[in-house]
Amino acid sequence: ALERTFSIIKPDATRRNLTGQVNARLEAAGLRIVAQKRVLLSDREAKEFYAVHAERPFYNDLVSFMTSGPVVLQVLEGDGAIAKNRETMGATNPADAADGTIRKDFAESIEANSVHGSDSPENAAIEIAYFFAGSEITG
Ligand code: CMP
């Protein structure tokens, strides 16, 4: 079924000028970028977005990292977009990521892992709505 998922190109990737290379891989996988904006996240936005991880030991570092430079916020659309995007990204830890995935080829560490992607339809809807108005998304 046609789905939408939420994606972030993280500061480690924008810093190394990898936005185009990441987007080329998303598009080659059959994902359509139906909304996209490059922003500097506020401390509050990063904290709220990752609130589910608030009790994890890496939370404060993660918030600092995600506000350390520009990110590219995206809505991706495609058949089975959530799973397709997760396959294209590879495992959270680049050391575990399969060959040919974005994280295997670009990520610097488990924290600076170049991209974020929603893990479920429920979270995709929440994450998209957190950063995008309906009028900003054009299928
Ligand atoms: P992401 O998929 O955006 O979800 C949470 C983020 O926390 C993860 O990618 C990493 O950037 C970061 N992170 C840092 N350390 C860990 C860890 N040990 N386990 C999971 N995520 C981590």
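The first residue of the sequence shown is numbered 1, and numbering continues consecutively from there. Remember, it's 1-based here, ligands and their atoms both numbered in the order they're listed. Basis for what follows: all heavy atoms, side chains included, without hydrogens, waters or symmetry-related copies.
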**Report entry** No-hydrogen, no-angle side-chain donor-acceptor test under 3.5 Å, Q36 and N23
**Finding:** yes
**Report entry** Contact residues of ligand 1 (heavy atom under 4.0 Å), by chain and number
**Finding:** K10, Y50, H53, F58, L62, T92, R103, I110, E111, N113, H116
Query raised in the report: Are the side chain of T67 and the backbone of V63 linked by a donor-acceptor contact shorter than 3.5 Å?
Result: yes
Query raised in the report: Does the side chain of V71 reach to within under 4.5 Å of the side chain of P11, using non-hydrogen atoms?
Result: yes
Query raised in the report: Parallel, tilted or perpendicular: which fits the ring planes of F49 and F131, with parallel below 30° and perpendicular above 60°?
Result: tilted
Query raised in the report: Should the ring pair F58 and H53 be called parallel, tilted or perpendicular, given that the plane angle runs from 0 to 90° and is split at 30 and 60?
Result: tilted
**Report entry** Closest contact, heavy atoms only, N113 versus T92
**Finding:** ND2-O, 3.2 Å
